[in-house]
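Presented below is the structure to which this report refers.
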Amino acid sequence: MPFKRPAPLPSQSESQSSSSANLLSGSSKRPRLSPPPGKALPNVKLFIVQAKLNTSAISELFGLAEQHAKRLCNKPEDADVIVTAIGMRRRLERHIPWELAKHKAVVTPQWLRDSVKNGSSLPYDNYIAIQDLQDTIVQNCPECNCKPCACSPSSTSSYASSSLRHSQESLASATSATSPPTAIPAYLLPPSPPLETDITKLDYTSRYACQRASPLVCPNQALVHELDIIRQSRALEGEVRSALSYARAVSALKAYPHKITSMKQVEKLPYIGTKITGLVEEFIDGGHINEAETIRSSVRFQALSLFSSIYGIGPTTAQRLYDLGLRSLDELEVYYGVDSKTQTSIDSGIVEVEKESKRRHAKDEGDEGLGDTWIKIALGLREDLAIKIPRDEVEEMGRVVMRELDQLEHGCVSTIVGGYRRGKPESSDVDMVFTHPDASKIKGLCKRVVQRLHEGGMVSHVMHLSGFHAHNPLRTTHWDSLEKSLTVFILPPSSTFYRGTRRRLDLIFSPPELYWTAVVGWSGSIMFQRDLRQWAKDKHGMKFDSSGITRRYDSKVFFPKTEKEVFDLFELEWIDPTLRNADA
DNA sequence: CGGCAT
DNA sequence: CGTAT
DNA sequence: GCCG
């Protein structure tokens with residue numbers, strides 16, 4: 001055994017109290033292996049724009065700047081070089097006035113890294129952060145009239161710093177903290193540099209999605225969509241096992257890296273049996289699947305899909321409504337007695353819905369009851385909740401929530417998980433996992449922050465199935481401290497992203513020792529997560545649930561200190577979140 | 001034929 | 001039964 | 001609906 005690790009709880013509770021005034025200057029380092037002697041940038045005054053950088057990137061860049069630059073400025077106007085991961089003018093303008101930016105060198109973080117590696121300042125031209133800015137500078141730069149200079153676009157390798165970096169950084173930006181980077185123990189921060197997935201060690205013929213690389217969009221996406229229609233139909237009809245089979249077949253196809261043109265390719269794939277083989281064959285021949293087309297055009301499927309799109313209506317309720325003869329939203333509203341289009345109570349009201357079974361007096365409601373009130377509300381929310389959330393706005397929601405949380409409890413750490421973390425360009429909701437280095441700060445935080453957001457007009461509805469706090473005396477400590485809240489959120493009008501659209505926001509508060517377990521669990525995808533749990537059980541006799549990872553025979557609990565340690569524990573190759581898209 | 005995540 | 005991944 |  002290597003070193004015994006200290007208990008996961010940090011003992012530095014005093015240094016925890018550093019304030020956000022330190023944000024720009026604090027950066028005392030995680031230990032750097034061999035610091036090169038002397039400053040690489042002795043004449044450079046730097047300003048770093050934190051936006052779009054994750055905490056580990058921030059601490060890395062601040063460390064480099066502190067060590068190698070003449071000065072790390074608190075204000076952009078004091079600096080001569082601005083480092084930013086932002087690639088678009090409009091976004092940069094939220095942090096730095098355009099007139100100011102025009103007179104500075106605005107470069108990507110890679111410029112700082114490479115210059116330090118180089119031992120001295122490199123030309124800016126391969127690291128121009130913003131295209132508009134480059135054009136402006138080129139136009140205004142007199143020297144550019146004669147010959148290539150630092151202002152001119154490079155013909156050689158400039159792409160490495162723009163397009164490539166841009167996508168990586170935007171995907172890496174899911175983690176943030178309310179503290180100066182240094183106040184947060186390393187075990188709560190994402191690794192820097194980020195881990196790379198070794199695709200050669202993965203196996204698309206594996207029966208477990210957690211051993212396959214599943215990109216967001218695969219070469220057989222059209223086929224996947226057809227099969228997913230059948231899966232949806234099976235689910236809506238209550239044929240859950242059949243639906244599961246289709247989900248697994250889809251999942252296997254998602255990881256197959258070539259376009260399928262012959263059935264021979266399919267023979268190696270798991271979960272493609274008699275029935276689905278026929279469907280795939282049909283698709284190869286004609287580019288579509290008859291059963292999927294039939295389902296798509298069926299009135300029943302359309303109605304069940306529509307009904308299930310309302311939050312709180314699942315397959316069973318949808319079928320019941322269908323059997324009552326209902327077919328449209330208008331008919332649903334009549335049935336649930338929504339006050340037509342004048343539901344001001346819903347638009348302005350602030351509602352808290354408790355999940356508990358209300359002891360209804362079983363009379364006036366008749367028997368149809370069953371969460372009527374919630375469904376009435378959900379009908380009013382449907383239009384908004386059907387609108388997807390762009391990544392930019394997901395990030396803004398994350399910032400807003402963290403800003404509020406910081407006022408309640410300084411030093412929290414969070415990761416935006418769910419589809420956003422898997423790289424989806426748009427999300428249907430936002431999921432955030434939170435923790436705090438001091439485990440004692442977590443209890444009650446979920447409720448408190450939701451209360452605060454609610455008072456600030458940002459949370460309009462709460463489904464509080466919080467705390468599995470049914471204080472089970474057999475399970476002492478931390479288990480029950482995982483709290484979650486499913487809410488309806490709206491950005492404040494002061495936000496530049498404000499569009500008045502209500503959004504689903506899920507908040508998950510985890511004690512620090514369960515943070516990475518929670519992050520893995522909530523990063524999905526669903527099939528990836530199912531198979532991860534299946535793998536844990538089949539190969540290691542372990543149980544992976546919302547409150548942690550335990551060994552089944554002795555109930556020993558595991559506390560992986562990084563996301564990769566979850567994979568290590570299960571003897572799985574690391575798979576980046578963006579390759580866990582095992583669902584359609 | 002039982003299992004399919006929790 | 002519906003929700004979350 | 002597929003797998004061991």
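Every chain is numbered from 1 and lettered A, B, ... according to where its sequence line falls, protein lines coming before strand lines. Fair warning: this is a prediction, and the values are worked out from it, not measured in the lab.
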Query raised in the report: Between A:R399 and A:E393, is there a salt bridge with N-O shorter than 4.0 Å?
Result: no
Query raised in the report: Between B:dC4, D:dG1, B:dT6, which one does the side chain of A:K543 approach most closely?
Result: B:dT6
Query raised in the report: Does A:K537 make a side-chain N or O approach to OP1 or OP2 of B:dG3 shorter than 4.0 Å?
Result: no
Report task. Taking only the side-chain heavy atoms of A:R530 (C-beta and beyond), determine which of D:dG1, B:dA5, C:dT5 contains the nearest atom. Result -> B:dA5
Query raised in the report: Out of D:dC2, B:dA5, C:dC1, which has the shortest distance to the side chain of A:T317?
Result: C:dC1
Requested in this report: Please report, rounded to the nearest Å, how far the C1' atom of C:dT3 is from the CH2 atom of A:W374.
Outcome: 11 Å
Query raised in the report: Taking the six-membered ring for Trp, are A:F544 and A:W535 ring centroids under 6.0 Å apart?
Result: no
Query raised in the report: Would you say A:W516's side chain and A:P560's backbone share a donor-acceptor pair under 3.5 angstrom?
Result: no
Requested in this report: Tell me what A:I313 touches on the nucleic acid: a base, only sugar-phosphate, or nothing, going by heavy atoms under 4.0 Å.
Outcome: sugar-phosphate
Report task. Assign A:Q529 to base, sugar-phosphate, or nothing according to its heavy-atom contacts below 4.0 angstrom with the strands shown. Result -> base
Requested in this report: Select base, sugar-phosphate, or nothing to describe what A:D531 touches, counting heavy atoms under 4.0 Å on all strands.
Outcome: nothing
Report task. Would you mind classifying the nucleic acid contact of A:F528 as base, sugar-phosphate or nothing, using non-hydrogen atoms under 4.0 angstrom? Result -> nothing
Report task. Among C:dG2, D:dG1, C:dT5, find the nucleotide with the atom closest to the side chain of A:S245. Result -> D:dG1
Report task. Compute whether any side-chain donor of one residue and acceptor of the other, for A:R231 and A:S242, lie under 3.5 angstrom apart. Result -> no
Query raised in the report: Any idea which of C:dA4, D:dG1, D:dC3 is nearest the A:Y271 side chain?
Result: D:dC3
Query raised in the report: Of all the nucleotides listed (B:dC4, B:dT6, C:dG2), which has the minimum atom distance to the side chain of A:R533?
Result: B:dT6
Query - G-U wobble or Watson-Crick pairing nucleotide for C:dT3 (cut-off 3.5 Å, both distances) - result: none
Report task. Using a 4.0 Å heavy-atom cut-off across all strands, classify A:R580 as base, sugar-phosphate, or nothing. Result -> nothing
Query raised in the report: Are any side-chain N or O atoms of A:D583 and backbone N or O atoms of A:I526, one a donor and one an acceptor, separated by less than 3.5 Å?
Result: yes
**Report entry** Closest to the A:K275 side chain, choosing from C:dA4, D:dG1, B:dT6
**Finding:** D:dG1
Report task. For A:L279 and D:dC2, give me the distance from atom CG to atom P, rounded to whole Å. Result -> 8 Å
Query - Nearest-angstrom distance, P atom, B:dC4 to C:dA4 - result: 24 Å
Report task. Please measure how far the P atom in D:dC2 lies from the corresponding atom in B:dT6, and state the result in whole Å. Result -> 23 Å
Report task. Compare the minimum distances between each of D:dC2, D:dC3, B:dC4 and the side chain of A:L244, then state the nucleotide with the smallest one. Result -> B:dC4
